[in-house]
Each structure stands twice: as C-alpha cells, then as structure tokens.
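Inspection log for the structure reproduced underneath, given as structure tokens.
Along the sequence shown, residues are numbered consecutively beginning with 1.
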Amino acid sequence: MTVRFLALYETPTDPEAFDRHYRRVHIPLGRRLQGLRRYAVCRDVAAVRGGAPYYLVAELEWDTMDELRAAFASPEGRATAADAARLQELAPVRSMIFTVDDGVM
C-alpha cells in the first residue's frame, strides 16, 4: 500500500510567475521531504466530464501514512507548507491525501 498527496492547481492569474516560483522554489523544497518516494508534476490536464481542467497537478508518494505525517511535521515539511501558502496567492489549489490499494488488479 502507498500513500499519496495530491495538489490540484487552478489556472494562475500570472502563469509565468507561478511557473517560475513552482520550479525554482517549491519543487526543490518538496524534493527534500523525508521518505518521499516519488514526485510527479502533471500538466495539460483535461477534464473528462464537465468542469474546468486544472493548470497543474502534483502527486507526491510515500510508503506509509506515518512517513507522510513525519515528512510534513519536519522542518522541511513546514517550509514546504509555508511556501504552499505563497503559491495559493498565485493560484487556487485543492489538495488531498489518500491511500492506494495496490492489489486491485
């Protein structure tokens, strides 16, 4: 079983400023999170049924919920969360945490 953190960003008011900050500041912070197994950034997200597509989707993965909690409780996690608040000033974001049952298929 794995645990994922998903952040879904709406279109920013200033896409260049958002991209620059995300690439130069937020990704390096996120990559320092303890126990992080995978960090994927997805663009060109298309809505399948209704609603506007997201501008950017970030998917971070840990082996366990305890590892995710420890990562966000660490100094690196607090710095990443503080920067996420800055990013929210540039683009609205929704986030969620979920576990993945790898045994479905």
Side-chain angles (χ1 to χ4, degrees):
M1 189 169 302
T2 58
V3 177
R4 292 192 181 137
F5 178 90
L6 197 62
L8 304 110
Y9 293 92
E10 294 179 16
T11 301
T13 52
D14 183 346
E16 283 185 36
F18 176 88
D19 289 343
R20 184 173 45 255
H21 184 89
Y22 197 88
R23 187 175 49 256
R24 292 181 184 171
V25 178
H26 201 68
I27 289 175
L29 284 170
R31 290 179 69 175
R32 292 180 18 219
L33 292 169
Q34 300 171 8
L36 181 65
R37 194 167 86 178
R38 185 173 159 269
Y39 187 163
V41 176
C42 310
R43 294 187 178 271
D44 300 322
V45 180
V48 174
R49 291 193 178 112
Y54 287 101
Y55 180 76
L56 182 141
V57 175
E59 186 177 9
L60 291 79
E61 184 176 282
W62 284 264
D63 287 328
T64 67
M65 186 64 78
D66 288 341
E67 287 181 1
L68 179 144
R69 288 184 181 125
F72 282 106
S74 71
E76 294 84 2
R78 290 191 298 276
T80 302
D83 189 61
R86 166 70 180 120
L87 278 173
Q88 185 144 4
E89 295 171 8
L90 299 172
V93 63
R94 297 181 61 127
S95 57
M96 61 193 78
I97 296 170
F98 57 94
T99 57
V100 178
D101 184 354
D102 295 328
V104 175
M105 287 185 75

Test side chain to side chain contact (heavy atoms under 4.5 Å, CB included) on Y22 and L90 and set out the steps. CA-CA 10 Å; Y22 197 88; L90 299 172; over 6 Å; no
Pairs satisfying salt bridge (charged side-chain N to carboxylate O under 4.0 Å, His left out), at least one member in residues 6-26, at least two apart: D19-R43
Pair T99-M65, side chain to side chain contact (heavy atoms under 4.5 Å, CB included): steps then yes or no: CA-CA 8 Å; T99 57; M65 186 64 78; 4.2 Å; yes
Heavy-atom distance under 4.5 Å between the side chains of F98 and V3, does that happen here? no
Flag side-chain contact, heavy atom, 4.5 Å: L33 against Y39: no
L6 reachable from F18 in the ILVMFWY side-chain graph, under 4.5 Å edges: no
Which atoms form the tightest heavy-atom contact between A47 and P53, and what is the distance? N-CB, 3.9 Å
Is a side-chain N or O of W62 found less than 3.5 angstrom from the main chain of Q34, in a donor-acceptor match? yes
Work out which heavy atom in H21 is nearest to a heavy atom in D83; give both atom names and the distance. NE2-OD1, 2.6 Å
Evaluation steps, side chain to side chain contact (heavy atoms under 4.5 Å, CB included), between Y9 and V57: CA-CA 6 Å; Y9 293 92; V57 175; over 6 Å; no
Flag the pair H26 / T80 as yes when at least one side-chain heavy-atom distance between them is below 4.5 Å, and no otherwise. yes
If hydrophobic clusters are built from ILVMFWY residues whose side chains come within less than 4.5 Å, do V45 and I27 share one? no
